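Take a look at the structure below.
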Amino acid sequence: EEKFKGKMVVIFAGYPEPMRLMLAGVNPGFKSRVTELIEFPDFDAAGAAELVLLGLKAKRLDIPKELEEGPVLTRLAARLVEAPQWANGRDIETWVRRVTLECAKQRSRTATPAILESTLTVMLDEKYKDDERARAAIGEKQKEVPKYQTLTAQQTERPPPVVETVVETIEKVQDDA
């Protein structure tokens with residue numbers, strides 16, 4: 001409505017490529033109605049390491065100086081950042097949670113480099129397996145899914161009688177019984 005013009009904000013959130021496809025694919029005029037796009041860059045390894053430290057401190061775990069001051073945590077975080085389907089904050093939260101659980105299992109309050117390394121290795125194994133499965137599934141779907149066909153003007157005016165065919169088949173089966 002006109003009374004809401006310039007007073008409404010709608011936020012679409014998602015990963016860049018699927019969002020671009022959504023904006024382009026809904027209908028020709030939709031994209032022109034979205035006047036502002038704000039794209040947030042992915043965290044780099046240093047930013048991810050900083051967030052991991054903040055998360056571990058929030059969990060009240062002790063952090064050895066070598067993790068807090070040296071390049072060890074940044075190198076570990078780089079492995080996560082470079083992994084397939086890197087999910088930024090979600091992956092960082094998952095990693096912090098797994099480190100916290102591993103510390104609890106070991107009855108330790110210290111997030112050691114060994115604990116960070118082992119939990120990250122398990123996460124990366126899962127990510128790479130999931131990525132392989134996703135790629136295989138996409139490959140299967142591309143083989144199975146027929147290409148999209150645009151209807152001609154004649155087909156939109158008089159589509160094929162699909163319902164009539166189904167009804168005739170059902171009636172024939174009932175008559176045969």
Side-chain angles (χ1 to χ4, degrees), residues 1-61 63 67-69 71-105 111 113 115-151 156:
E1 290 184 40
E2 193 62 32
K3 67 180 180 180
F4 295 116
K5 191 173 185 177
K7 297 178 183 176
M8 181 189 280
V9 174
V10 177
I11 298 173
F12 302 102
Y15 292 104
E17 191 55 30
M19 292 302 297
R20 279 195 259 312
L21 291 171
M22 189 256 321
L23 288 172
V26 173
N27 72 42
F30 183 67
K31 187 175 181 180
S32 68
R33 290 182 176 95
V34 179
T35 58
E36 298 291 327
L37 294 176
I38 302 171
E39 194 168 320
F40 297 98
D42 288 337
F43 291 116
D44 61 6
E50 187 178 331
L51 286 174
V52 169
L53 274 177
L54 289 171
L56 295 173
K57 287 177 182 178
K59 298 287 186 182
R60 298 183 179 181
L61 293 173
I63 315 295
L67 285 178
E68 206 160 359
E69 297 173 359
V72 174
L73 186 55
T74 303
R75 276 199 303 264
L76 289 171
R79 291 174 49 202
L80 184 58
V81 167
E82 294 163 6
Q85 300 175 20
W86 159 234
N88 285 291
R90 190 171 348 147
D91 280 346
I92 292 167
E93 288 175 7
T94 300
W95 190 16
V96 167
R97 187 173 56 254
R98 289 182 179 199
V99 169
T100 305
L101 289 171
E102 188 58 34
C103 286
K105 285 180 193 174
I115 290 174
L116 282 145
E117 171 82 33
S118 66
T119 53
L120 178 62
T121 299
V122 170
M123 275 184 70
L124 292 175
D125 286 347
E126 292 168 357
K127 280 184 135 333
Y128 282 101
K129 284 178 187 169
D130 288 347
D131 188 57
E132 287 173 20
R133 284 188 208 111
R135 288 176 192 267
I138 288 168
E140 292 294 316
K141 286 180 184 174
Q142 286 175 345
K143 291 176 192 170
E144 295 172 10
V145 176
K147 293 198 181 231
Y148 177 76
Q149 265 187 311
T150 305
L151 295 175
T156 57

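In this text, all values refer to a predicted model and were calculated from it rather than measured experimentally.
- Note that OG1 of Thr74 is 10.0 Å distant from CG of Leu67, once rounded to the nearest 0.5 Å.
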*Trp95 vs Leu76, side-chain contact (heavy atoms from CB on, under 4.5 Å): CA-CA, chis, key distance, verdict*: CA-CA 11 Å; Trp95 190 16; Leu76 289 171; 3.8 Å; yes
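- Note: Asp44 CG to Glu50 CD = 9.5 Å, rounded to the nearest 0.5 Å.
- Taking a cutoff of 4.0 Å between a charged side-chain nitrogen and a carboxylate oxygen, Arg133 and Asp130 qualify as a salt bridge.
- Annotation: side-chain contact (heavy atoms from CB on, under 4.5 Å) contacts of Pro16 (sequence neighbours excluded): Arg20, Glu39.
- Residues Ile63 and Leu53 meet the side-chain proximity criterion, which asks for heavy atoms closer than 4.5 Å.
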*Stepwise side-chain contact (heavy atoms from CB on, under 4.5 Å) test for Leu37 and Met19*: CA-CA 10 Å; Leu37 294 176; Met19 292 302 297; over 6 Å; no
*Mind running side-chain contact (heavy atoms from CB on, under 4.5 Å) on Val72 and Leu116 for me, showing each step along the way?*
CA-CA 10 Å; Val72 174; Leu116 282 145; over 6 Å; no
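- Across all their heavy atoms, Lys57 and Glu68 have their closest contact at NZ-OE2, 2.6 Å.
- Taking OG1 of Thr94 as the start and CE of Met123 as the end, the distance is 5.0 Å to the nearest 0.5 Å.
- Atom CG of Leu124 sits about 12.0 Å away from atom CG of Asp131, to the nearest 0.5 Å.
- Contact between Ala111 and Cys103 at its shortest, heavy atoms only, is CA-SG, 3.9 Å.
- Residues passing the salt bridge (charged side-chain N to carboxylate O under 4.0 Å, His left out) test with Glu126, sequence neighbours excluded: Arg98.
- In this structure, the side chain of Lys59 does not engage the main chain of Arg97 through any donor-acceptor pair within 3.5 Å.
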*Go through Asn88 and Ile92 one step at a time and tell me if the side-chain contact (heavy atoms from CB on, under 4.5 Å) criterion holds.*
CA-CA 6 Å; Asn88 285 291; Ile92 292 167; 5.9 Å; no
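- Remark: Arg79 engages Glu117 in a salt bridge (charged side-chain N to carboxylate O under 4.0 Å, His left out) (not counting sequence neighbours).
- Separating the CG atom in Leu61 from the CD atom in Glu102 is a distance of 11.5 Å, to the nearest 0.5 Å.
- Across all non-hydrogen atoms, the minimal contact from Trp86 to Phe43 is NE1-O, 3.6 Å.
- Considering all non-hydrogen atoms of both residues, Asp91 and Ala87 come closest at OD2-N, 2.8 Å.
- Shown here for Ala77 and Ala49, the closest heavy-atom pair between the two residues is CB-N, 3.8 Å.
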